[in-house]
Each structure stands twice: as structure tokens, then as C-alpha cells.
Amino acid sequence: MAAHASPRRGRASGLRRGEAVAGWLFTAPVIVILGVFLLVPVLMALWVSVSDWAGRGSPLSGDVSFVGADNYAAVLADGGLATKDFGTALRNNAWYVLLVVPLQTALSLFLAILVNRAVLRGRGFFRTAFYFPSVTSSVAITVLWMFLFSASGAVNDVLAWFGVNGPNWFNDPRGILHLVLSAFGADAGPAALTDGGMLGVSWWDWFAGPSIAMSAYILMAVFTTSGTFMLLFLAGLQNLGADVDEAAMMDGANGWQRFWRITLPQLRPTLFTVLTLGLIGCWQVFDQIYTGTQGAPGKTTLTPAFLSYQTAFKNQEWGQGAAIAFILFVIIVVFTLIQRWALRDRPVSRRRIRAYEVAEKGAMS
Amino acid sequence: MRLSPKQLTWQIVLYGVLVVLALIYVYPFLIQVVTSFKTDEDAASSGISLIPDVWTFAAYERLFAHSDFASWFVNSAIVTVVVTAGRVFFNSLAGYALARLRFRGRGVVFAALVAVMSVPTVVLLIPKFLVINQLGMFNSYAGMILPLLVDAAGVFIMKNFFESIPVSVEEQARIDGAGTFRLFWSVVLPMATPALVTIVILSFQGSWNELSHFIVSTNDPALTTLTKGVASLASGQLSQGTQYPLKLAAALIMTIPVAVMFFVFQRRIMNSTEGAVKE
């Protein structure tokens, strides 16, 4: 980086010109690197997803031809193994999202409220304890988790204290909802559920719930992310003025009412952040699966992210792998939009606030 | 101040819940430390106990003497140091430009960065491989490091920080005849230490713990990082049997640098995460 035009003469214009050059020079590394390793790759993968490239040579060479939506069809529509695997991966990940997102959000909020008290002794220790799992790598945590949840591991030891004979967690493909149903004698689904289905997976299997193996991953995700989100909630809590809470206390609201009516509505922005980050993260489970079970047992820990990798790098079905990645991208975007819509500031609530304000003014005068 | 019986009960319940929760969060790591010093049989038979039958360093010996663990560690260290240095420099350059320099196209650059941040990384696995391969950087440090060298989130952190510094500081130096880079390097950057520490922590953690990028950018055993190596240990590529002490020892050593970082910068880490949301 050489020195830039010295702004001695013709101050304004010279300065501006120097600034423009410097501005582009300063941002150039970021633009070039992100462009080359982010924008170009996405365009290239988009091409691969509609081509028959088989992993040899350049995907941009003349031997590679355009196959239209074939790869997408193989994954979404033709009912073969690719479709069935994608359906299974989608099912597994959907259950993962359905359980992890609410659990981690509720737990992290609970932890934040517990450690937010100013008078709490050992506050620093507790915060550290809850946050520490978040800084460790997912690979290290997965290794630890596979030990804790092994057949004779710590978790089953604890369960044994309560007379429960714990499962062989990471090797058990049984769906937990199916297990619950079979406890009531329903071992096979009704024809209505087993006959029909989506993406090569019967409705009955869609409703199997996460497998026991997947449940161990679910617990792991809650364990490792609750600390991060606890910090976000703590920040949110500390931004709240105490006055509203105190006013409510004066009016005789109990702790529970104050939490639901005062604290939680004010935490809405943080809640939105936590839910969005949680949703986006949960649809991207990869490291854990790669380190741990690689989709086994019975494909019940297969996730779209891992399937995309496996399809492309292991099976050399590059087009299908890329197609899965783009479908996953769309899923993530759609979920984020749905959630944004669900948590938007409703005009109703604003009107209600205004109604309160009017009532308050009336009471004051 | 004396507490009423009801308040006292609440206090006891609160601390009880906290202690149980803290135990759940801490105990797995204690098990990890202790188990790495156990024998294979001992680890497999009593997964929860914190007292080994015999203390043994066998797992560590095996790790360093009979596997490429040391080379994995070196690779991770190289990547992490270079990536962290690069991010500190390039992110702050770009952050400064976006915060202070007026140039045509700044809005576009900014909007593009926002868009880039929203692309999920897992979706980029195949795309990244394609480009790295095309550029002839597969199985090289360049392919491992270059794509991680900047990050949009870091640019934002720096931009926000620079915007909080009063302009008057730079005006004085400018009148004294300092060029833009000089101004940035010797006047503004030294003032940005808090933000720089945040970038250092985040990129250290991020690149040390990174796995998927190294999976798609290398397959040469000589370039295996800790994350990749330990993941291959976990799926049992080096060994027969479970060998839990070995695996847990590997995972433990891998955790130590980030743990040290965490405990040294604890205050700041807690605050930086809070700061990231407040903005």
C-alpha cells in the first residue's frame, strides 16, 4: 500500500479523489476474497446442479452438458434411492429443528434469568460453566458425547440409578414417537399412514420422531448452544429498564405475571435473534454427523447437509449433491422468512400499547 | 438484612437448581480429563467415575508416538495464526474504509457484505471445493487459508467500532499531512484495540474449530488439521476397539488452546457477545 495522494492543494477535490482510491484499495482484499470464494463458487455450483459433471476435469469444460432439472428431479421427484435418502434426511433434520430450537431457546432464557440477579453469589462461575461448552469445537464435543452416551457410559450409569435400562444410544435407530406408540400397542401404522407418503418416505415413518441416536445429538446441541444464547438473553435483560418491572410490582403483579407480561414482550428482539440463529444453525448440522455416526444407524442421523457432502464427495454424484445444497439453502431462507413473519410487530399490539397509554394519561390527569 | 422464611426457601431452591445445572455442564469435562488417564478397560467399564483404577499416560504416549497428532497440531496452529493475522488486518482495513472513507460504490459494497453474511456455510461446501480445485489450490495451505482470510461479520464489528471514534482525532493528523493509510495504521488502528481483540478471539476460535472447510480443501494426510484428525480418530480409522482414553485425550488437547483463550479473555468474550447484539 503506497501513500495516497497528498491532499495539500485543492483540498476538497484532492481529498475526495484520494479517499476514493483508498476506499477501493482498503476494501479490495475483502471484495476479492469473498467474491472468489463465495460468489463465484455459488454460481459454479448452480451450474453443476444442472449439469452432468462427474467430478473429472473442469465442470466448465466442453464435455459437461446441461441436463436441466434432472438432478433436482432425482432428489425430489423420481422416487428412487436418492429421493428416499433426501426424504429421510429431511425428516431427521426436521425433528431435530422441532426439538432443538424450542429447547435451547427456553433453556438459555431460563439460565439467563437465573444468573442475571445482581445479588447472586458465584455469578461469574455459573456463567462460565454454562458458556464453556460453546467455545469448544463441535468435533471435540462429539467425541466426548459419544463416550458419555456409549452403552456403558455415564448417561446410562445415571439412568441406572433410577432403575432405567438405558439404550445403546448412538446405535439405536428406533424413532422415539414410534416407541411411545408401541408402548400403547401400536406397532405398525394404519394403512392410511403407511400407504401414502412424501419423498419416498411413508407418513408413518415421517412421524417416527427422532431416532434414539438423533436424540443424543439433540441433547448435545442444546448443551453446546444454550451458553451462547444465554449471553444474548443476558444482554437483552440488562438493557431493560427496571422501572416498568417495578411499576408492575407496585400494581401487585407476581413474578410469573411480570415475566410473561413485562419481561418477555420486551425481550422480543433478542428472542427473534436467538430463534433465527437457532433455526439457521439447526438446518446446517454437519460437523457432528461427520465426526460421529455419519448417518448411521439406519440412516436416522442423516441430515441434508451431510447427505449433500456424501452424495458429491463420496458417491461422485456432483449434480445431485449441489442440488441438495441449493434445496437446503431455500429451506433455510423460507424458514427464516416464516419466522420473521410470525414474530413481526403486529399492529394489534401497537394499538393495545396506545390504548394503555391513553388510559395511563387519563389516570394521571 | 434478614430474609423471611419464604425468601430463604426461594434462595435455597435457586442455588440448588444452579448447582445441579452447573454440575451437568461441568461434569462431562471432568469425565473427559479423568478418562484420558484411564486404561481402555477401565474407561469402558466405569464411564462415570472420576477415579481411575490406575493412572496411566498410555493414551498420550500413543497419541504422540504412534499417530500424526503432532503434525495435526502444527497444521492447525499455522492456519489459525495466519487466518487470525489476516482477518485483523483485512477486516479492519475494510471496516475503516466503510466507516470513514467516502467513495462511490461504498453502499454497494456494504449491501453485498450483508447479502454474503446470510449465505449458510454448509451450502458452500461443494461450491468451495469446485473453485479451490479450479484454481489449483487443492491440497495446499493457500486453499486452506485464503478462503478464511476475511469474514463479513468481522468487517462489521470493525466498521461499528470505527464509527464510534470521533472524527476530530483524524482531522488533526490529516492537517499534519498524514496519508490515508498512515492515518489508519498509526492513528486509528491503535485506538481500536478492544475491537481488534474481539476479532482475534473470534477468528482464533473459528479457524481452530473449523472442520468442513478443511474437509473440502484437502485430502493429503500431511495437511490434516486437528479437527479432521480427531474426527478420523472418532470414527475409528486408526484403531480397533473403542479406545476411549485415546480419543478423549486427543479431544482434550484440542480444547486446551481455546480454553486458555477463553479463560484469559473471559471478561471480554462475555462482553463482546453481548455487544454484538446490542448494536
Side-chain angles (χ1 to χ4, degrees), chain A residues 1 3-4 6 18-20 22-24 26-27 29-31 33-34 36-38 40-42 44-45 48 58-59 114 126 129-130 133 135-137 139-140 142-144 146-148 152-154 157 231-232 234-235 270 273 280 284 286-287 290-291 294 305 309 312 321-322 325 328-329 332, chain B residues 18 22 25-26 28 31-32 35 44-45 47-48 90 93-94 96-97 101-104 106 109 116 119-120 122-128 130-131 134 146-147 149-150 152 155 177 179-182 205 209 211-212 227 230-231 234-235 244 247-248 251 254-255 258 262 266 270 273-274 277-278:
Chain A
M1 300 284 147
H4 302 294
S6 75
E19 267 191 38
W24 281 107
F26 280 23
T27 46
V30 171
I31 294 171
I33 294 178
L34 289 180
V36 171
F37 294 106
L38 231 128
V40 174
V42 168
M44 232 166 131
V48 168
S58 165
L114 280 184
F126 288 118
F130 299 146
V135 299
T136 57
S137 83
V139 173
T142 308
V143 171
L144 174 56
M146 298 198 69
F147 176 62
L148 296 175
S152 60
D157 285 349
L231 288 191
L232 301 191
L234 264 177
T270 315
T273 310
I280 292 174
Q284 295 194 63
F286 175 83
D287 290 10
Y290 177 89
T291 309
Q294 307 234 330
Y309 160 79
L328 182 59
F329 186 26
I332 293 173
Chain B
L18 274 169
Y25 276 80
V26 171
I31 291 183
Q32 180 176 17
T35 307
S45 62
I48 199 169
F90 293 128
L93 262 184
Y96 180 71
L101 305 178
R102 242 146 291 147
F103 58 100
R104 198 170 295 162
R106 185 173 75 160
V109 173
V116 156
V119 178
V122 153
V123 172
L124 288 169
L125 285 186
I126 298 171
K128 260 199 217 158
L130 294 174
V131 165
Q134 193 78 10
L146 270 176
L149 218 45
V150 303
V155 176
T180 310
F181 184 74
R182 185 74 203 281
Q205 262 180 32
N209 291 340
L211 170 69
S212 56
T227 43
V230 175
S235 51
Y244 287 123
K247 295 173 186 172
L248 290 172
M254 182 162 108
T255 309
V258 278
F262 173 63
Q266 201 174 17
M270 298 286 195
T273 321
E274 289 172 13
V277 195
K278 255 183 222 163

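As a basis for the values below, the full set of heavy atoms in this structure was taken, side chains included, without hydrogen atoms, waters or symmetry mates. In the text below, chain A, chain B and the rest are named by the order of the sequence lines, each starting its count at 1.
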Subject >> Contact winner vs chain A - B:V155, B:I31, B:L149, heavy-atom pairs under 4.5 Å >> reply: B:I31
Original post:
Measuring from A:Y290:OH to B:L211:CG, what's the distance to the nearest 0.5 Å?
Top reply: 6.5 Å
Subject >> Which of A:A45, A:A325, A:S137 touches chain B most, by non-hydrogen pairs under 4.5 Å >> reply: A:S137
Original post:
For chain A, which of B:L125, B:V230, B:L18 has the most heavy-atom pairs under 4.5 Å?
Top reply: B:L18
Original post:
For the candidates A:S58, A:G153, A:A312, which exhibits the highest count of non-hydrogen atom pairs separated by less than 4.5 Å from chain B?
Top reply: A:S58
Subject >> Heavy-atom proximity to chain A below 4.5 Å, by part of B:L124 >> reply: side chain
Original post:
Got a second to check how far B:Q205's CD is from A:T136's OG1, nearest 0.5 Å?
Top reply: 9.0 Å
Original post:
Which heavy atom in A:A140 sits nearest to a heavy atom in B:M254, and how many Å separate them?
Top reply: N-CE, 3.5 Å
Subject >> Interface moiety of A:D157 toward chain B, non-hydrogen atoms closer than 4.5 Å >> reply: side chain
Subject >> Under 4.5 Å from any heavy atom of chain B - which part of A:V48 >> reply: side chain
Subject >> Proximal component of A:M146, with respect to chain B [non-hydrogen, under 4.5 Å] >> reply: backbone
Subject >> Flag for A:E19-B:T180: side-chain donor and acceptor within less than 3.5 Å >> reply: no
**OP:** To the nearest 0.5 angstrom, please state how far the CZ atom of B:F103 sits from the CZ atom of A:F26.
**Re:** 10.5 Å
Subject >> pair A:Q284-B:P120: side-chain heavy atoms closer than 4.5 Å >> reply: yes
Original post:
If you round to the nearest 0.5 Å, how far is CG of A:L148 from OG1 of B:T35?
Top reply: 8.0 Å
Original post:
Below 4.5 Å, heavy atoms only, C-beta onward: do A:F126 and B:Y25 meet side chain to side chain?
Top reply: no
Original post:
Which atoms of A:L38 come close to chain B, meaning under 4.5 Å heavy atom to heavy atom: side chain ones, backbone ones, both, or neither?
Top reply: both
Original post:
Using non-hydrogen atoms only, which part of A:F130 is less than 4.5 Å away from chain B: side chain, backbone, both, or neither?
Top reply: both
Subject >> Any A:V139 side-chain heavy atom under 4.5 Å of B:N209 side chain >> reply: no
Original post:
For A:I31, what residues pass the side-chain contact (heavy atoms from CB on, under 4.5 Å) criterion, not counting sequence neighbours?
Top reply: A:W24, A:T27, B:V109
Subject >> Region of A:L144 that comes under 4.5 Å of a non-hydrogen atom in chain B >> reply: both
Subject >> Side chain, backbone, both or neither of B:R182 within contact of chain A (heavy atoms, under 4.5 Å) >> reply: neither
Subject >> chain A contacts, top residue of B:V26, B:T255, B:L130 (heavy-atom pairs, under 4.5 Å) >> reply: B:L130
Original post:
Looking at B:A97, B:P147, B:A251, which one has more heavy-atom pairs under 4.5 Å with chain A than the rest?
Top reply: B:P147
Original post:
Of all residues at least two apart in sequence or in a different chain, which pass the ring-ring contact (aromatic ring centres under 6.0 Å, His included) check with B:Y244?
Top reply: A:F147
**OP:** Please name the pair of heavy atoms, one in A:A305 and one in B:V122, separated by the smallest distance, quoted to 0.1 Å.
**Re:** CB-CG1, 3.1 Å
Original post:
Considering only heavy atoms, which portion of B:S212 lies under 4.5 Å from any heavy atom of chain A: side chain, backbone, both, or neither?
Top reply: both
